[in-house]
Amino acid sequence: MGANLRGGGCRPYNGPSHTIPGAGSMSEWQRTVTCNDIRPTHVGQSVTLNGWVLTSRNFGNQTFIDLRDRYGLTQVVFEADDKTLFDAANKLGTEFCISVTGTVRPRVAGKERADIDTGAVELLATKLTVLNTCPPLPFQINEFGSELANEDIRLQHRYLDLRRRSLQKTLILRHRVCKTIRDFLDTRGFLEVETPLLGKSTPEGARDYLVPSRISHGEFYALPQSPQLYKQLLMVSGYDKYFQIAKCLRDEDLRADRQPEFTQLDLEMSFVERDDVLSLMEQLAAEIVKQVHGITVPTPFPRLSYADAMSKYGSDKPDLRFGLEIVDVTDLAGASEFGVFKNALAAGGIVRAINAKGAAEKFSNTQLKPGGELPKVAETFKAKGLAWMKAEGGKLTGTIEKFFSDDLKAKLKERLGVADGDLLLFVADKEAVVCDALGAVRSHLGASLKLYRNWWDEKAEAEKEGKPFAVRPEHFNFAWVVDFPMFAFDDEEKRWVAIHHPFTAPMDADLPTMETSPGTAKAKAYDMVLNGYEVGGGSIRIHRQDVQARVFKMLGMEMEEAKARFGFLLDALNSGAPPHGGIALGLDRWCMIMAGTTNIRDVIAFPKNKQARDLMSGAPAAVEPRQLRDLGIKVG
RNA sequence: GGGGGCGUAGCUCAAUUGGUUAGAGUACCGGACUGUCGAUCCGGUGGUUGCGGGUUCGAGUCCCGUCGCCCUCGCCA
C-alpha cells in the first residue's frame with residue numbers, strides 16, 4: 001500500500017490556519033489539527049489535538065504520549081514544571097480519549113522519526129482535558145508484536161479492534177475502491193440506482209434470507225441474493241447504464257472468503273455485446289489497481305475459454321501467475337497395463353497429468369503414498385488416488401512405471417516435456433473429478449513450490465530483510481473466462497440447471513439446438529478472474545420473452561410456474577426490452593486482494609463469524625413474544 | 001452434515017515418557033529514572049488448565065462425552 005492510503009483525501013482541515021471553516025465559537029477542547037498534521041512549519045504555533053492514548057512513556061520529569069487518531073500519530077510531551085498538568089498526564093491510561101493543547105516544537109536533534117509523518121516535531125502540552133477514560137483493554141490493540149488476540153475476542157470488541165492501524169488502512173482502502181468505481185462509472189454516464197431489499201424469493205440459487213410480513217401473516221419477503229432482476233427491469237425501463245454498490249445476502253455456510261451479507265458492484269448496460277462489457281470492466285479493474293497501488297496492469301486481459309481453463313488448469317478460475325499445465329494422457333494410459341487407469345477408462349473416464357518440473361526431490365515417496373501430502377489434496381476432491389512417476393537418470397521411476405512399455409514411456413516423456421528431476425502426477429477418473437483433483441493439486445504445487453508470490457508475502461519478506469519493496473503489475477494476473485456452458489446436468493435433482501443463472505442468454509449459434517443438445521449449448525457468460533479468485537461474473541441476458549420461456553422450460557419450469565414466479569419479468573421482456581448485459585464484481589474479494597489479506601472479515605467493518613453470528617451485538621437473538629405475535633409466528 | 005486444527009492468567013504462549021506449589025512475556029497496580037518512542041529497571045495483583053465424567057498413588061498431559069472458535073469439503077444459480 002502506498003502513500004495514497006495515508007489519510008489521502010480524508011482530512012477535513014486543510015487551510016493554513018488549521019481551523020474548522022465556519023466554526024465560529026469553538027469549545028475549549030475541540031481540535032484545531034489532526035494527529036497527522038503538524039510539521040516543522042508549525043513550530044511555535046499553539047494547536048489542539050483530539051485523540052486516543054496509544055502509549056505512554058514516563059520519566060521522572062517528562063512523560064511522552066503517542067496520541068492517535070485515524071489520520072496519524074503525534075508525540076505529546078508533558079514536562080514536570082507544571083506539577084498539576086504533569087500529574088494528570090501520568091494518570092492517563094491506554095486508549096483514554098483526550099484533548100491536548102500545546103505548542104509545536106522540533107524534536108531534539110537526532111531524535112526525529114522518519115517512519116511517521118509528524119516525526120520531526122512534537123507537541124509540548126500546556127493543557128489536558130480527559131474526554132473519556134477507558135478500562136484495561138480485553139486485548140492489546142497496538143500492532144508492535146505480530147501476535148493478535150484470538151479473532152472471536154476481537155470480534156466481540158470490534159469497536160476496539162477497528163482502532164488498529166491495519167484495519168483502519170483496510171477500511172480506507174475500501175473507501176478508495178468504492179470512490180474509484182463511482183467516479184469511473186459516473187464519468188461514463190452510469191446512474192447509481194437503489195433497488196429494494198425486501199423482494200420476492202427466487203427458487204433457484206442460494207438459500208434466501210426471509211423476512212416475515214406483519215401485514216400478511218404467513219407470507220415472506222426475501223432479502224436479495226443480488227439485484228439481478230431489478231437491474232434487468234431498469235434496462236427495460238430505458239435507464240441504459242446502471243450500477244449499484246449493492247448488499248447481497250445468501251443464507252449458506254460461511255468460509256474464509258464468504259460472508260452471509262456481502263457487497264457487489266452490480267452493473268448493467270443496454271445495447272451492448274459481450275466485448276463492450278469486458279472492455280469497460282478491464283478498464284475499471286486497471287483503474288482500481290492504479291488508484292490503490294499506483295501501478296498499471298496491462299489491458300486487455302487475456303481470454304480463456306471455459307473448456308481450456310478446465311482442461312489446462314482444472315478450474316474455471318485458474319491462477320495464471322504460474323504455468324504447470326495439465327496434459328491429457330488418456331490414450332497413453334489406456335495402452336498401459338496399469339489396472340487403475342484401464343478401469344477408469346472402461347468406466348468412461350479419462351487420465352490427465354501434471355509435470356511438476358524439478359519437483360521430484362521435493363516430495364519423498366512417502367509423501368506421494370496414499371494419505372500423503374499430495375494424494376490427500378487429490379482425495380479431498382473425490383479422486384480415488386494420485387499416481388506418480390519420477391524422472392531420474394534418464395528413466396522414469398516409481399511403482400507404476402513397470403506397467404508402461406518403453407515406447408509408451410518415451411511418448412509420455414515427449415508429451416509432458418520430461419527432464420531429469422521432474423515429478424509426474426496422474427489422476428484417472430470421470431472428467432469432472434480429474435479436473436477438480438488436478439486443479440487442486442496444481443494450486444497446491446504452485447504455492448508449495450513457490451511458483452508465484454502473493455504481493456503481501458513478498459512485501460512482508462522484504463520488510464523482514466530490510467529490503468525495499470514495490471508492488472508490480474505481475475502481482476495482479478487478470479483474465480477472462482468465457483464461453484461457459486449454458487447448462488449442467490444435476491445428478492441429484494435429475495434435471496438440467498443453469499451454470500450461470502436462468503437469465504443468461506445462450507450463444508446465437510446454440511439457440512436452435514438448445515433443447516435437443518443442452519449439454520453442448522454455450523452461454524454468453526463471462527467471469528473475471530484474478531490470481532485464482534473469481535472477482536466478477538456476468539453475462540449478456542435474454543431479452544426476448546420466447547427465449548426466456550424456453551430456458552425456464554429447460555430448467556424444468558413449465559409456463560404456468562414460470563408465470564407465477566417471474567411473470568413480471570416475462571411481461572417486461574415482452575414490452576420492448578432492449579438487448580442488455582452486465583456483470584457483478586465481488587467488492588469484498590477485490591478489497592481482500594488489494595489489501596493483501598485472505599480473510600474477508602478483515603475488509604468488512606462489522607463482519608459475522610463462521611456461524612453467521614455478530615459476536616459484538618449478539619445477533620441473531622430471540623425476540624419479544626409480542627413481536628412474534630405481530631408476525632403470526634410460533635417458534636417451536 | 002464429513003475431514004482437520006485449536007482451547008492453560010485480561011491477552012500471547014510455555015510446562016520432558018503422566019510426577020513438587022502450572023511458568024514467561026505483555027497488560028494492569030505501585031515505585032525509580034531528563035529525550036523516550038514496543039523505553040528501561042525494581043516490586044506486586046492475577047489460574048476451578050473451556051465444561052462434565054473416567055483411568056491412575058498422582059491428569060494441563062491419557063480415554064469418553066460435550067461446548068466454543070478457526071480452516072476445509074459438501075453448499076454458495
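Basis for what follows: all heavy atoms, side chains included, without hydrogens, waters or symmetry-related copies. Within every chain, numbering begins at 1; the chains are lettered A, B, ... in the order of the sequence lines, protein sequences first and strands thereafter.
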side-chain N/O A/Arg601 vs B/C71 OP1/OP2, d < 4.0 Å: yes
Integer-rounded Å distance: B/C75 P and A/Glu492 CD: 7 Å
side-chain N/O A/Thr94 vs B/A27 OP1/OP2, d < 4.0 Å: no
C1' gap between B/G10 and B/G19, integer Å: 30 Å
Rounded distance (Å) that lies between atom P of B/U34 and atom CD of A/Glu122: 17 Å
Tabulated below should be each protein N or O lying under 3.5 Å from an N or O of nucleotides 23-26 of chain B; please produce it.
unit_1: B/U26; atom_1: O2'; unit_2: A/Gln140; atom_2: OE1; d: 2.9
unit_1: B/U26; atom_1: O2'; unit_2: A/Gln140; atom_2: NE2; d: 2.5

A/Arg57 (side chain) and B/C33 (base): donor-acceptor pair under 3.5 Å: no
Quiz item: A/Arg105 side-chain donor-acceptor pair to B/G35 base, under 3.5 Å: yes
Residue mapping more 5' on RNA chain B - nearest nucleotide basis, A/Val77 or A/Pro138: A/Pro138
Base-contact (B) and sugar-phosphate-only (S) positions in nucleotides 40-48 of chain B, heavy-atom cut-off under 4.0 Å, - elsewhere: ---------
N or O in side chain of A/Arg255 less than 4.0 angstrom from B/C73 OP1/OP2: yes
C1' atoms of B/A9 and B/G60, separation to the nearest Å: 14 Å
C1'-based separation of B/C13 from B/U56 [nearest Å]: 29 Å
Non-neighbouring partners of A/Ala383 that pass side-chain contact (heavy atoms from CB on, under 4.5 Å), sequence neighbours left out: A/Ala378, A/Val427, A/Val433, A/Ala437
A/Thr504 and A/His501, any side-chain heavy atoms less than 4.5 Å apart: yes
All N/O contacts under 3.5 Å from nucleotides 3-6 of chain B to the protein, with atom names and distances to one decimal?
none

Results of side-chain contact (heavy atoms from CB on, under 4.5 Å) for A/Asp483 - residues two or more places apart only: A/Arg274, A/Ser305, A/Met507, A/Lys522
Polar pair under 3.5 Å, donor/acceptor by atom type, side chain A/Arg258, base B/C76: yes
Point-to-point distance, once rounded to the nearest 0.5 Å, from OH of A/Tyr313 to SG of A/Cys435: 13.5 Å
Bracket notation of RNA chain B in which parentheses pair within the strand, [ ] cross earlier pairs, and | pairs with another strand (Watson-Crick or G-U, under 3.5 Å): (((((((..((((.....[...)))).(((((.......))))).....(((((..]....))))))))))))....
Partners passing side-chain hydrogen bond (donor to acceptor under 3.5 Å, both in side chains) against A/Ser166 (at least two apart in sequence or in another chain): A/Glu143, A/Arg164
Between C1' of B/C37 and CG of A/Leu73, the distance in whole Å: 9 Å
Interatomic distance, A/Phe139 CZ vs B/C28 C1' [rounded to whole Å]: 16 Å
A/Asp208 side chain near A/Phe220 side chain, heavy-atom distance below 4.5 Å: no
B/U49 versus B/G23 - spacing of their C1' atoms, nearest Å: 13 Å
Nucleotide N/O of nucleotides 65-69 of chain B paired with protein N/O under 3.5 Å:
unit_1: B/C69; atom_1: OP1; unit_2: A/Asn609; atom_2: ND2; d: 3.4

Salt bridge (charged side-chain N to carboxylate O under 4.0 Å, His left out) partners of A/Glu379, counting only residues at least two apart: none
Nucleic acid contacts of residues 435-449 of chain A, taken as heavy-atom distances under 4.0 Å to RNA chain B: none
Residue pairs fulfilling side chain to side chain donor-acceptor pair (under 3.5 Å) with at least one residue in residues 524-538 of chain A, sequence neighbours excluded: A/Asp508-A/Lys524
With sequence neighbours excluded, residues passing side-chain hydrogen bond (donor to acceptor under 3.5 Å, both in side chains) with A/Gln259: none
Same-atom distance (C1') from B/C63 to B/G25, integer angstrom: 34 Å
A/Ile116 CD1 - B/C37 P separation (whole Å): 13 Å
